Protein chains: 2
Amino acid sequence: MPATSPDFPARLRAAGLRPTRQRVALARLLFEGGPRHVTAEGLHVEVKASRMPVSLATVYNALNQFRDAGLLREVVVAPGRSYFDTNTGHHHHFFIEPDGELHDFPSDKVTIAGLPTPPKGTRVARVDVIVRVRR
Amino acid sequence: MPATSPDFPARLRAAGLRPTRQRVALARLLFEGGPRHVTAEGLHVEVKASRMPVSLATVYNALNQFRDAGLLREVVVAPGRSYFDTNTGHHHHFFIEPDGELHDFPSDKVTIAGLPTPPKGTRVARVDVIVRVRR
DNA sequence: GCAGTGTTTAGAATAGTTCTAAACTTCTTG
DNA sequence: CAAGAAGTTTAGAACTATTCTAAACACTGC
Ligand SMILES: [Mn+2]
Ligand SMILES: [Mn+2]
Ligand SMILES: [Zn+2]
Ligand SMILES: [Zn+2]
């Protein structure tokens with residue numbers, strides 16, 4: 001049995017989203033098991049293989065809603081497609097360029113010193129570190 | 001008179017590219033004056049306003065060729081569009097989220113300590129720091 | 001000048017994503 | 001639990017950024 005009961009309907013309701021069959025199916029794929037980085041197309045392929053297939057439009061809707069609700073974070077590392085990240089805490093990424101794979105690493109042990117002050121009239125919202133690696 | 005003679009035909013030849021009228025016109029817009037971050041559409045609007053208009057396909061071709069030749073660097077910070085950066089040296093970016101504006105800052109004063117070792121079988125190609133700021 | 005090869009171009013094509021509006025589901029209230 | 005209201009799903013059309021196609025054109029070296 002998992003440490004925390006993954007009551008997806010409740011988690012969706014808590015996020016202000018109706019727990020429809022489609023959203024619950026997607027939440028299961030996303031949040032059951034370890035942290036993941038998915039693309040819309042990739043998640044659509046996965047959910048089509050399940051007992052509760054979901055249209056591509058709904059996959060996009062759900063990913064955008066989950067992101068807006070703070071359940072996901074959007075990561076942009078390469079032109080043409082967005083990744084959605086189930087890890088919403090502070091962390092950074094390795095990006096394996098040839099395969100388009102993303103790997104997390106924690107930010108607590110990373111120190112970024114000497115950043116200049118932000119442009120006038122702006123506040124820092126987030127600092128992203130992307131370590132691009134090749135084979 | 002500028003410090004270095006901006007002989008664009010010569011610079012293009014040195015990069016292995018024929019100095020066509022279109023490429024010279026684009027190189028002028030890109031490399032004359034300070035460092036810039038352009039989008040394909042933005043550069044196309046600029047060059048259309050000049051005495052030597054250029055098709056959008058050629059703008060895309062030239063940007064990709066200039067990047068492949070090391071004259072430009074591609075920067076991906078937001079979904080949907082690529083920026084091309086005339087500053088090809090080591091540096092990082094502020095990204096002003098509401099307006100989609102990019103600002104450089106040098107990387108020599110920035111220290112990134114504590115990065116984990118890259119995934120097995122990979123080598124670091126580049127480390128990008130994107131400081132996302134809001135008004 | 002003349003090949004020969006590389007480049008430009010308009011327009012078609014593609015890929016990822018969002019929109020539309022009709023059908024359907026979930027929620028609330030009586 | 002029935003009925004109505006409000007929110008959601010869906011197929012397909014639409015849209016945006018980018019690439020492709022193939023025919024006209026322009027650089028280059030002789
Ligand atoms: Mn989006
Ligand atoms: Mn590209
Ligand atoms: Zn991540
Ligand atoms: Zn830059």
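Quick note on labels: first sequence line is chain A, next is B, and so on, each numbered from 1. Bear in mind that the values here come from a model prediction, so they are computed numbers and not experimental data.
Regarding contacts with the backbone of D/dT19, every side-chain N or O of B/Tyr60 stays at 4.0 angstrom or more from both OP1 and OP2.
We find that CG of A/Leu12 is positioned 18 Å from P of C/dT25, with the value rounded to whole Å. Between the CD atom of B/Glu74 and the P atom of D/dA17 there is a distance of 15 Å, rounded to whole Å. Between B/Arg81 atom CZ and C/dT17 atom P the separation is 15 Å, expressed in whole Å. Rounding to whole angstrom units, CG of residue B/Leu63 and C1' of D/dT19 are separated by 13 Å. At whole-Å resolution of the value, CG in B/Asp68 and P in C/dG6 are 16 Å apart.
Side-chain contact between B/Arg73 and B/Arg67: absent, with no pair of heavy atoms (C-beta onward) separated by less than 4.5 Å. A/His93 has its side chain within reach of A/Val75: a pair of non-hydrogen atoms, C-beta onward, lies under 4.5 Å apart. Contact of the A/Asp85 side chain with the A/Leu72 side chain is not registered, since no non-hydrogen atoms from C-beta on lie closer than 4.5 Å.
Ring orientation note: the planes of B/His91 and B/His37 are tilted relative to one another, at an angle of 30° to 60°.
Partner B/Phe84 forms a side-chain contact (heavy atoms from CB on, under 4.5 Å) with one of B/Leu30, B/Asn64, B/Val59, B/Leu43 and no other, that one being B/Asn64.
Residue-to-nucleotide proximity on DNA chain D shows that, of B/Arg13 and B/Glu41, the 5′-proximal contact is made by B/Glu41.
Salt bridge B/Glu97/A/Arg126: absent, no basic N to carboxylate O contact under 4.0 Å.
The distance from atom CG of B/Asn61 to atom CG of B/Leu63, rounded to the nearest 0.5 Å, is 9.0 Å.
Comparing the axis of the opening five pairs of the helix from C/dG1-D/dC30 to C/dG30-D/dC1 with that of the closing five pairs yields an angle of 40°, rounded to 10°.
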Might you list the N or O atoms of the protein lying below 3.5 Å from N or O atoms in nucleotides 4-12 of chain D, with each pair's distance?
{"from": "D/dG7", "atom 1": "O4'", "to": "A/Arg18", "atom 2": "NH1", "distance (Å)": "3.4"}
{"from": "D/dG7", "atom 1": "O4'", "to": "A/Arg18", "atom 2": "NH2", "distance (Å)": "3.2"}
{"from": "D/dT8", "atom 1": "OP1", "to": "A/Arg23", "atom 2": "NH2", "distance (Å)": "2.2"}
{"from": "D/dT9", "atom 1": "OP1", "to": "A/Thr20", "atom 2": "OG1", "distance (Å)": "2.4"}
{"from": "D/dT9", "atom 1": "O3'", "to": "A/Gln22", "atom 2": "NE2", "distance (Å)": "2.8"}
{"from": "D/dT10", "atom 1": "OP2", "to": "A/Ser55", "atom 2": "N", "distance (Å)": "3.0"}
{"from": "D/dT10", "atom 1": "OP2", "to": "A/Ser55", "atom 2": "OG", "distance (Å)": "3.3"}
{"from": "D/dT10", "atom 1": "OP2", "to": "A/Thr58", "atom 2": "OG1", "distance (Å)": "2.8"}

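Here A/Phe105 and A/His92 bring their ring centres to under 6.0 angstrom of each other.
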